[in-house]
Chemist: 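Dropping the structure in here first, questions after.
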Amino acid sequence: MAKILAIESSCDETAASVISDGVLLSNIVSTQIDVHRKYGGVMPEIASRLHAENISIVIKEAMEEAKLNFEDLDAVAVTRGPGLIGALHVGLQAAKAISMLYNIPLIPVHHLAGHIYANEYVSEFKFPMLAVVVSGGNTELVLMKDHMNFEIIAETVDDAIGECYDKVARVLGLPYPGGIPIDKLAKEGQHTYDLPTPLKGVKTLNLSYSGLKTNVINLVHNLEQKGEKVNVPDMCKSFQDVAVGLVIDRTIKAVKQYQVNQVILAGGVSANSYLRSEMTKEMNKLNVELHIPPMWCCTDNAAMIAKVASRLYDLKVFAPLNLGVDPNWKIDEWNKF
Ligand code: KG4
């Protein structure tokens with residue numbers, strides 16, 4: 001265990017956090033959501049520029065809140081991927097500069113490992129464990145037989161679930177990030193629109209969200225062409241039932257197939273109230289322990305990166321200064337960089 005500064009800049013949150021012997025000392029997040037909302041989604045170039053503007057301030061605040069000097073640090077950790085290439089580079093260059101200046105190791109952290117390990121702030125992992133990773137950029141079921149042992153047993157064959165929420169929200173005229181208003185409005189609606197279940201009848205644990213997104217877009221356009229008004233809460237409910245239903249279906253099948261002891265939710269979409277309640281109901285039926293991350297660590301932050309970094313420090317997983325980012329880094333290759 002050690003004193004580590006962790007940096008996260010993979011998408012639209014600039015974040016820094018300090019952990020000391022496993023205890024979180026600070027967790028600063030500067031979100032760019034208000035800027036990207038104007039465009040209905042994250043604009044990569046703007047994200048990179050805002051990270052560049054904000055990163056030093058966020059790091060300074062994280063160090064001040066932790067009441068530490070840079071000289072006190074044992075290592076600096078950073079999200080190396082997956083994420084937006086330019087955005088990732090800003091965090092990496094900041095981390096490299098600190099590593100070089102203070103002559104401390106540089107720890108490369110996988111973003112999704114971070115989302116999974118965010119749960120360790122509130123629960124103890126029991127293996128074999130199934131991590132249901134549902135975020136803006138990724139959707140996958142990850143089997144863990146031990147710490148830092150990741151096997152991707154299923155993943156989306158096209159879009160991520162969060163991306164699908166965001167696109168559906170846009171066509172319905174709802175603000176970015178779309179998951180939040182859809183979650184809210186679905187509570188006021190009825191499942192009245194018929195949307196086909198993706199990959200129905202196909203023997204696979206994989207998921208798919210591109211067809212669902214297109215079905216909603218086509219349905220909305222057809223209704224508009226006929227001069228009919230879309231009932232937005234009903235569309236939200238109909239869409240959410242299918243989108244979340246697919247995750248629940250795959251989780252149930254995976255739990256049975258791999259005999260897991262514990263299921264954990266991870267990533268931004270794990271904030272979804274319907275996913276949380278349905279998953280709780282279904283895992284209770286299967287008698288499987290379910291852990292749901294607290295709201296503060298569902299979306300991107302550096303505390304989750306710090307948590308993984310503590311483990312990697314003990315394993316001496318350090319990177320050379322010519323480390324590059326990997327926008328498509330796979331979680332089962334977390335130690336290849
Ligand atoms: O994990 P995250 O912050 O970004 C990635 O690392 O990809 O997740 C952001 C995603 C967005 O797509 C957003 O719409 C979705 O999480 N999200 C939700 C909810 N809150 C955020 N999706 C469904 N229901 C929510 N309550």
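Here the structure is a predicted model, which is why all the values come from computation and not from measurement. Counting convention: from 1, in listed order, for ligands and their atoms alike.
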Chemist: Do H115 and D300 meet the criterion of a side-chain donor-acceptor pair at a distance under 3.5 Å?
Modeler: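 Distance-only check passes for H115 and D300.
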Chemist: May I ask you to identify the nearest protein heavy atom to atom 21 (C) of ligand 1, giving residue, atom name and distance to one decimal place in Å?
Modeler: G268 O, 3.6 Å
Chemist: Would you please indicate if the ring centroids of H147 and F127 are separated by under 6.0 Å?
Modeler: yes
Chemist: Between the side chains of H110 and E333, does any donor sit under 3.5 Å from an acceptor?
Modeler: no
Chemist: Is it the case that ligand 1 has an N or O less than 3.5 angstrom from some N or O of D300?
Modeler: yes
Chemist: For P177, counting its heavy atoms only, list the atoms of ligand 1 lying under 4.0 Å from any of them.
Modeler: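 Here the atoms of ligand 1 in question are 13 (C), 14 (O).
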Chemist: For the aromatic rings, using the six-membered ring if either is Trp, is the centroid distance between Y209 and Y165 under 6.0 Å?
Modeler: no
Chemist: Would one find an N or O of H111, backbone or side chain, under 3.5 Å from an N or O of ligand 1?
Modeler: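 By distance alone, the answer is yes.
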Chemist: Using only heavy-atom distances, determine whether the side chains of E155 and N138 contain a donor-acceptor pair under 3.5 Å.
Modeler: no
Chemist: Do me a favour and list the nearest non-hydrogen protein atom to atom 15 (C) of ligand 1 with residue, atom name and distance?
Modeler: V269 CG2, 3.9 Å
Chemist: Cationic tip of K237 within the cone over Y193's six-membered ring, i.e. under 6.0 Å and within 45° of the normal?
Modeler: no
Chemist: Quick check on contacts: which atoms of ligand 1 are under 4.0 angstrom from a heavy atom of H115?
Modeler: 1 (O), 6 (O)
Chemist: Can you find an N or O of G179 that's nearer than 3.5 Å to an N or O of ligand 1?
Modeler: yes
Chemist: To the nearest 0.5 Å, how far apart are NZ in K307 and CD1 in I116?
Modeler: 14.5 Å
Chemist: Within the 4.0 Å heavy-atom shell around S135, which atoms of ligand 1 are there?
Modeler: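 Matching atoms, with element in brackets: 1 (O), 5 (C), 7 (O).
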Chemist: Which residue and non-hydrogen atom of the protein lie closest to atom 9 (C) of ligand 1, and at what distance in Å?
Modeler: G136 N, 3.8 Å
Chemist: Is ligand 1 less than 4.0 angstrom away from at least one heavy atom of C11?
Modeler: no
Chemist: Using a 4.0 Å heavy-atom threshold (strictly under), name the region of D166 that reaches ligand 1: side chain, backbone, both or neither.
Modeler: side chain
Chemist: When the aromatic ring centroids of Y39 and Y176 are compared, is their separation below 6.0 Å?
Modeler: no
Chemist: Do any N/O atoms on I180 end up under 3.5 angstrom from N/O atoms on ligand 1?
Modeler: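 So ligand 1 has no N or O lying under 3.5 Å from an N or O of I180.
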Chemist: When only distance counts, is N272 in polar contact with ligand 1, meaning an N/O pair under 3.5 Å?
Modeler: yes
Chemist: Considering only heavy atoms of G162, which atoms of ligand 1 have at least one such atom less than 4.0 Å away?
Modeler: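 Contacts of ligand 1 toward G162, numbered from 1: 12 (O).
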Chemist: Taking 4.0 angstrom as the limit and counting only heavy atoms of G178, give me the atoms of ligand 1 inside it, by number and element.
Modeler: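 Listed by number with element, the hits are 14 (O).
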Chemist: Is it true that E45 and R49 make a salt bridge, defined as a side-chain N closer than 4.0 Å to a carboxylate O?
Modeler: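 Answer for the salt bridge query: yes.
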Chemist: Please work out whether any backbone atom (N, CA, C, O) or any side-chain heavy atom from C-beta onward of D183 is under 4.0 Å from ligand 1, and answer side chain, backbone, both or neither.
Modeler: side chain
Chemist: Which distance, rounded to the nearest 0.5 Å, do you find between the CG of L73 and the OG of S99?
Modeler: 11.0 Å
